[in-house]
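Quick note on labels: first sequence line is chain A, next is B, and so on, each numbered from 1.
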Amino acid sequence: MAKDNYQRIWQTVLLIPNGKVASYGQIADLAGLPGRARLVGKALGYAPAELAVPWYRVLRSDRSLAFAPSCATALQQRQLLLAEGVVLKKNRVDSSALWQPDLAELLFKLQY
DNA sequence: TATCTGACTGCAT
DNA sequence: CATGCAGCCAGAT
């Protein structure tokens with residue numbers, strides 16, 4: 001069911017550590033949904049506020065933010081990332097902020 | 001059931 | 001390094 005995929009995506013995004021970022025495609029892979037990067041974007045859009053999913057830690061594979069640089073959403077994303085110490089240069093995060101999860105630990109936490 | 005959409009990607013230029 | 005573009009595919013209508 002669609003809702004199940006959203007749940008898996010939200011849970012995976014919840015595991016991104018403070019100060020780290022991941023790409024849509026990476027989240028899709030880790031969530032067991034390879035090839036569905038675009039679905040990750042939709043899932044974040046539908047994420048219930050009470051889950052407090054750190055949507056701002058997810059960006060494109062080239063490390064650029066997925067919004068027009070001047071729109072309100074992009075501004076908020078930049079602010080949230082900067083607040084966590086993520087280095088941002090021209091709408092791109094520094095590669096040192098990329099999340100490199102330990103797969104064994106992930107499998108344990110996600111409980112598939 | 002058929003179509004349309006896009007918070008994406010990889011590759012070519 | 002930046003842009004363009006075809007391919008992508010589940011979910012929404």
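Comparing atom distances between the A:R92 side chain and each of C:dA2, B:dT9, B:dA7 picks out C:dA2 as nearest.
Listed by first and then second residue, the side chain to side chain donor-acceptor pair (under 3.5 Å) pairs involving residues 50-59 of chain A are A:Y56-A:E84, A:R57-A:E84 (not counting sequence neighbours).
Per the geometry, CZ belonging to A:R60 stands 13 Å off P belonging to C:dG4, to the nearest Å. The separation between A:D62 atom CG and B:dT9 atom C1' is 9 Å, rounded to whole Å. In this structure, CG of A:L65 is placed 11 Å from P of B:dC8, rounded to the nearest angstrom. One atom, CZ of A:R63, and another, P of B:dC8, lie 17 Å apart when rounded to the nearest Å.
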Grab the N/O contacts between the protein and nucleotides 8-13 of chain C below 3.5 Å, and write none if there aren't any.
{"from": "C:dC8", "atom 1": "O2", "to": "A:R38", "atom 2": "NH1", "distance (Å)": "3.3"}
{"from": "C:dG11", "atom 1": "OP1", "to": "A:N5", "atom 2": "ND2", "distance (Å)": "3.1"}
{"from": "C:dG11", "atom 1": "O3'", "to": "A:Y6", "atom 2": "OH", "distance (Å)": "3.2"}

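Within the structure, a side-chain polar atom (N or O) of A:S23 is placed less than 4.0 Å from OP1 or OP2 of B:dT9. When the side-chain nitrogen and oxygen atoms of A:S61 are compared with OP1 and OP2 of B:dT9, one or more of them lie within a distance under 4.0 Å.
Hydrophobic clustering (ILVMFWY, side-chain heavy atoms < 4.5 Å, transitive): A:L80 and A:L59 are in one cluster. Neither A:V13 nor A:F108 shares a network with the other; the hydrophobic side chains, linked directly or stepwise wherever heavy atoms of I, L, V, M, F, W or Y lie under 4.5 Å apart, form separate groups for each.
No option in A:V93, A:I16, A:V58, A:L65 other than A:V93 meets the side-chain contact (heavy atoms from CB on, under 4.5 Å) test with A:V21.
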Mind listing the side-chain donor-acceptor pairs of residues 33-48 of chain A below 3.5 Å, one per line with the distance, residues two or more places apart or on another chain?
{"from": "A:R36", "atom 1": "NE", "to": "A:P34", "atom 2": "O", "distance (Å)": "3.3"}
{"from": "A:R36", "atom 1": "NH2", "to": "A:P34", "atom 2": "O", "distance (Å)": "3.3"}

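Counting heavy atoms from C-beta outward, A:L15 and A:P101 have side chains that stay 4.5 Å or more apart.
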